[in-house]
Participant: 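Quick one: this structure, given as structure tokens, is what I'll be asking you about.
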Amino acid sequence: MSPRLAIDGGERAVKTPLPPMFPGGMRIGIEEERAVLNVLRSKRLFRYYGPAPGLSQTDLFEQEFAAHMGAAYALAVSSGTAALMCAMAGLGIGPGDEVIVPAYTWIATASAAVALGAVPVIAEIDESLTLDPADVERKITPYTRAIVAVHMRGSPCQMDLLTDVAKRHGVALIEDTAQATGASFHGKRLGTWGDAGAFSLQFNKIITSGEGGVLITNDHALYKRAIMCHDVVGGQRHHIPPDEIIAGINFRMSELQAAVALAQLGKLEGILADMRRNHAAIAERIADRVRASGSAFRRLNDPAGDAGLALVLLLPTAERARWAVEALRAEGVGAMALYHPDIEDYHIYCYWAPIMNRKTWSEQGDPWRWASRAIAYTRDMCPRSLDLLSRSVHIDVSPDLSESQVEEVSDALKKVLEAL
């Protein structure tokens with residue numbers, strides 16, 4: 001039965017186009033304009049020097065970001081991937097090491113490990129669509145050096161359980177907080193639970209500078225190594241003794257990016273408050289229909305700490321999920337199924353072509369060649385993850401939804417859930 005036939009009976013629920021899901025990007029305004037113009041007028045586009053002495057916007061952004069998140073140190077870098085690589089380099093991760101990553105995350109989480117010569121080990125997710133602590137524990141070997149907890153779609157992992165697993169096995173814990181800037185778990189900001197937190201400021205993210213990233217940590221030794229990784233002369237600039245300096249890569253943030261990021265940081269709490277309010281309003285309106293349809297909300301490990309940027313429903317079957325997506329789109333809601341076997345998506349492990357096929361820049365640089373044990377990948381290696389994702393219907397929750405649009409999205413969801 002087609003969704004149009006099933007739910008026809010009047011005009012579609014959503015009357016006007018919903019706002020694009022670029023939370024920080026859509027809030028760019030006079031604050032960012034002024035900040036960029038001030039940098040341009042100073043002619044100081046590079047962090048460390050310019051034609052006249054002055055305060056670095058990157059320095060200021062790092063100080064403000066660290067304070068906002070409750071971390072001792074912050075390092076502004078060129079991307080979220082750079083932040084992950086600096087975190088791993090800061091921990092000394094390299095050839096022969098294994099890094100556990102979730103089956104559901106952007107490929108950069110795994111690629112960062114490969115770029116440093118380490119091998120990704122893929123673990124299942126649970127009903128929160130984040131790392132399953134039990135499967136993480138099953139995947140730990142004597143060669144595991146780190147676990148990467150990814151707070152997908154703004155929702156925190158079970159950080160208490162993952163912290164316990166990491167401590168008991170003596171492995172590092174890195175948080176990939178690219179999609180959850182400002183969110184928390186049990187009142188503690190994400191990114192501060194592990195040894196390091198990696199954030200993205202790419203345009204899709206909660207706050208943005210177009211491109212960019214941030215690493216935070218409370219570990220001075222890790223921070224010092226990350227400084228050397230992110231700048232080829234970072235050791236010299238920071239007066240690290242020559243015999244301790246490690247070769248680095250240029251992952252520096254520019255003053256223009258930092259100026260925009262600093263202005264955006266001032267808007268973070270307002271964006272989060274608006275997304276959480278809209279998420280709660282929609283969820284409350286549709287809760288009865290969700291239960292009646294045999295569906296469920298994605299499990300939130302900490303509802304109060306969730307960023308609120310996505311409403312995810314778990315339907316009984318993949319077929320019903322696909323039907324619901326088509327029906328919601330007919331109603332004007334841009335829903336998507338998180339996994340469809342015929343749609344390539346680099347958020348899902350089985351589509352990570354360079355990882356699954358073990359392709360690297362050189363034959364000798366293949367990290368699997370130097371692994372301490374044989375590691376193979378197959379498309380069906382994480383069946384629980386694929387099942388959960390195939391039944392997941394994702395709806396963006398923009399902070400810029402009006403009250404009437406919240407009502408219209410809720411009506412569309414109720415209409416489709418009733419038809420199910």
Participant: Are Val260 and Leu201 packed together at the side-chain level, in the sense that at least one heavy-atom pair is separated by less than 4.5 angstrom?
Facilitator: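 SC-SC contact between Val260 and Leu201 ruled out.
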Participant: Report the residues that fulfil side-chain contact (heavy atoms from CB on, under 4.5 Å) with Ser362, sequence neighbours left out, ordered by chain and then residue number.
Facilitator: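 Not a single residue meets the side-chain contact (heavy atoms from CB on, under 4.5 Å) criterion with Ser362.
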Participant: Would a 4.5 Å heavy-atom cut-off, applied to side chains only, mark Ile122 and Val101 as touching?
Facilitator: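 A side-chain contact under 4.5 Å exists here.
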Participant: Which ring-ring contact (aromatic ring centres under 6.0 Å, His included) pairs, counting each pair once, include a residue from residues 18-42, with sequence neighbours left out?
Facilitator: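 Sorted result for residues 18-42: Phe22-Phe203.
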Participant: Once side-chain hydrogen bond (donor to acceptor under 3.5 Å, both in side chains) is applied, do any residues pair with Arg41, and if so which ones, sequence neighbours excluded?
Facilitator: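 Partners of Arg41 under the side-chain hydrogen bond (donor to acceptor under 3.5 Å, both in side chains) test: none.
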Participant: What residues form a side-chain contact (heavy atoms from CB on, under 4.5 Å) with Asp135, not counting sequence neighbours?
Facilitator: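 By the side-chain contact (heavy atoms from CB on, under 4.5 Å) rule, Asp135 matches Ala123, Glu124, Asp132, Arg138, Lys139.
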Participant: Provide the closest heavy-atom pair for Ser209 versus Met253 in the form atom of the first, atom of the second, distance.
Facilitator: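 Taking Ser209 first and Met253 second, the nearest heavy atoms are OG-CE, 4.5 Å.
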Participant: Hey, could you give me each pair passing ring-ring contact (aromatic ring centres under 6.0 Å, His included) that has a residue in residues 233-254? Not counting sequence neighbours.
Facilitator: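 Not a single pair qualifies under ring-ring contact (aromatic ring centres under 6.0 Å, His included).
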Participant: Can you name the residues that form a side-chain hydrogen bond (donor to acceptor under 3.5 Å, both in side chains) with Ser392, not counting sequence neighbours?
Facilitator: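 Not a single residue meets the side-chain hydrogen bond (donor to acceptor under 3.5 Å, both in side chains) criterion with Ser392.
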Participant: Run the side-chain contact (heavy atoms from CB on, under 4.5 Å) test against Ala66 and tell me which residues pass, sequence neighbours left out.
Facilitator: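 Result, side-chain contact (heavy atoms from CB on, under 4.5 Å) vs Ala66: Ala74.
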Participant: Between Arg225 and Glu244, does any NZ, NE, NH1 or NH2 come within less than 4.0 Å of an OD or OE carboxylate oxygen?
Facilitator: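 Judged by the 4.0 Å cut-off on N to carboxylate O distance, Glu244 and Arg225 do not form a salt bridge.
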Participant: Could you tell me whether Arg277 and Asp274 make a salt bridge, using a distance below 4.0 angstrom between a side-chain N and a carboxylate O?
Facilitator: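 Salt bridge: yes.
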Participant: Could you report the tightest heavy-atom contact between Thr144 and Ile140, atom names first, then the distance?
Facilitator: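 In this case the closest contact between Thr144 and Ile140 is OG1-CA, 3.5 Å.
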Participant: Check whether Tyr143 forms a cation-pi arrangement with Arg373 (NZ or CZ under 6.0 Å from the six-membered ring centre, at most 45° off the ring normal).
Facilitator: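 No, Arg373 and Tyr143 do not form such a contact.
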Participant: Would you say Asn250's side chain and Arg252's backbone share a donor-acceptor pair under 3.5 angstrom?
Facilitator: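 Side chain of Asn250 to backbone of Arg252: no pair is present.
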Participant: Using only atom types and a distance under 3.5 Å, with no angle test, would you say the side chain of Thr177 pairs donor to acceptor with the backbone of Phe199?
Facilitator: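 The answer is no, because no donor-acceptor pair under 3.5 Å joins these two groups.
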Participant: Do the charged groups of Arg27 and Glu32 touch, with an N to O distance under 4.0 Å?
Facilitator: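 So Arg27 does not pair with Glu32 through a salt bridge.
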Participant: Does a salt bridge link Asp164 with Lys167, judged by any charged N lying under 4.0 Å from a carboxylate O?
Facilitator: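 So Asp164 does not pair with Lys167 through a salt bridge.
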Participant: Any side-chain donor-acceptor pair under 3.5 Å between Glu211 and Gln257?
Facilitator: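 Absent: no donor and acceptor within the cut-off.
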Participant: Establish, from distance only, whether the side-chain atoms of Glu255 and Ser56 form a donor-acceptor pair under 3.5 Å.
Facilitator: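 Yes, side-chain donor-acceptor contact under 3.5 Å.
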Participant: Please check this pair: side chain of Asp396 against backbone of Ser398, looking for a donor-acceptor N/O pair closer than 3.5 Å.
Facilitator: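 Not confirmed, Asp396 side chain does not pair with Ser398 backbone.
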Participant: Measuring from atom OG1 of Thr378 to atom OH of Tyr349, what distance do you get when rounded to the nearest 0.5 angstrom?
Facilitator: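 Here the interatomic distance stands at 6.5 Å.
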Participant: Could you go through residues 149-162 and list every donor-acceptor pair under 3.5 Å that involves a side-chain atom there, pairing it with any protein atom two or more places apart or in another chain?
Facilitator:
from	atom 1	to	atom 2	distance (Å)
His151	ND1	Cys157	N	3.0
His151	NE2	Glu175	OE1	2.9
Arg153	NE	Tyr104	OH	2.8
Arg153	NH2	Tyr104	OH	3.1
Ser155	OG	Asp306	OD1	3.1
Gln158	NE2	Asp126	OD2	3.0

Participant: Within this structure, what is the CD-CG distance for the pair Glu31 and Leu265, rounded to the nearest 0.5 Å?
Facilitator: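 Here the rounded value is 12.5 Å.
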Participant: Excluding sequence neighbours, so at least two apart, what forms side-chain hydrogen bond (donor to acceptor under 3.5 Å, both in side chains) with Asn357?
Facilitator: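 With sequence neighbours excluded, Asn357 shows a side-chain hydrogen bond (donor to acceptor under 3.5 Å, both in side chains) to no residue whatsoever.
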Participant: Looking only at heavy atoms, which two atoms of Ile286 and Ser410 are closest? And how far apart?
Facilitator: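 Shortest heavy-atom contact: CG2-O, 3.7 Å.
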Participant: Could you tell me which residues satisfy side-chain hydrogen bond (donor to acceptor under 3.5 Å, both in side chains) with Glu137, sequence neighbours excluded, listed by chain and number?
Facilitator: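 So Glu137 forms a side-chain hydrogen bond (donor to acceptor under 3.5 Å, both in side chains) with Arg168, His169.
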Participant: Please name all residues satisfying side-chain contact (heavy atoms from CB on, under 4.5 Å) with Pro51, sequence neighbours left out, ordered by chain then number.
Facilitator: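 Residues passing side-chain contact (heavy atoms from CB on, under 4.5 Å) with Pro51: Lys43.
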Participant: For a quick test of reading the model, state the closest non-hydrogen atom pair linking Ala226 to Leu75 and the distance between them.
Facilitator: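 The pair with the smallest heavy-atom distance is O-CD2, 3.6 Å.
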Participant: Which residue pairs satisfy the side chain to side chain donor-acceptor pair (under 3.5 Å) criterion with at least one member in residues 86-96, sequence neighbours excluded?
Facilitator: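 Sorted pair list comes back empty.
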